[in-house]
Amino acid sequence: MGGMVAQEMMRKAGRRIAALILYGTGAIGLIPGRFETMQQSRRRVIATGATEAARDLSAKWLSEGKNSPHYPFVRKIARKAKLPAHLADRAAMQAWEGRAALADIACLH
């Protein structure tokens with residue numbers, strides 16, 4: 001969700017930001033072709049709990065999955081989130097729409 005937060009910062013206070021690098025983020029929260037729907041994700045996190053959700057999601061964030069050398073660190077951070085945070089995260093992603101503001105973000109090549 002960092003890319004979404006950064007885009008919102010640019011939209012709301014762009015004049016106060018001298019530079020911003022966005023990498024691997026999109027302009028919508030509800031990504032077409034996502035590995036599972038948001039409804040499936042919410043049901044899964046409720047059924048399995050926050051700890052399992054952190055384990056599974058951390059592996060999906062990394063291209064090498066659980067084999068990534070970064071997996072233990074990412075999982076450790078993700079495990080700090082409790083169930084309400086996981087559910088709020090999915091609700092925020094589903095509702096976020098940033099395409100209209102893209103034209104207002106100046107880009108340098």
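Glu52 places no side-chain N or O within 3.5 Å of a backbone atom of Thr48 that could act as its donor or acceptor partner.
Taken to the nearest 0.5 Å, the OG atom of Ser58 stands 11.0 Å off from the CZ atom of Phe73. Distance check, rounded to the nearest 0.5 Å: CZ of Arg75 to OG1 of Thr51 gives 8.0 Å.
When all heavy atoms of Met38 and Gly29 are compared, the closest pair comes out as CE-O, 4.0 Å. Across every non-hydrogen atom of Gln7 and Gly26, the tightest pair is NE2-O, 2.7 Å. His86 and Ala54 make their closest contact through CE1-N, 4.0 Å (heavy atoms, listed as atom of the first residue, atom of the second, distance). The two residues Arg99 and Ile28 come nearest to each other via the heavy atoms NE-CG2, 3.3 Å. Contact detail for Ala27 and Leu102: the closest heavy-atom pair is CB-CD1, 3.5 Å. Between Gly3 and Thr25, the shortest heavy-atom distance links the atoms CA-OG1, 3.2 Å.
Looking at Arg44 and Asp56, their side chains come closer than 4.5 Å, going by heavy atoms from C-beta outward. Within the 4.5 Å cutoff, side-chain heavy atoms of Arg55 are placed close to those of Lys66. Side-chain contact between Met93 and Asp89: present, with at least one pair of heavy atoms (C-beta onward) separated by less than 4.5 Å. Side-chain contact between Met4 and Met9 is absent, with no heavy atoms from C-beta onward closer than 4.5 Å. Looking at Leu87 and Ile46, their side chains come closer than 4.5 Å, going by heavy atoms from C-beta outward. You'll find the side chain of Arg42 stays beyond 4.5 Å of the side chain of Thr37, heavy atoms only.
The hydrophobic cluster containing Ile17 also contains Val5, counting ILVMFWY residues as joined when their side-chain heavy atoms lie under 4.5 angstrom apart, directly or transitively.
If you check the side chains of Glu8 and Trp96, you find a donor sitting under 3.5 Å from an acceptor.
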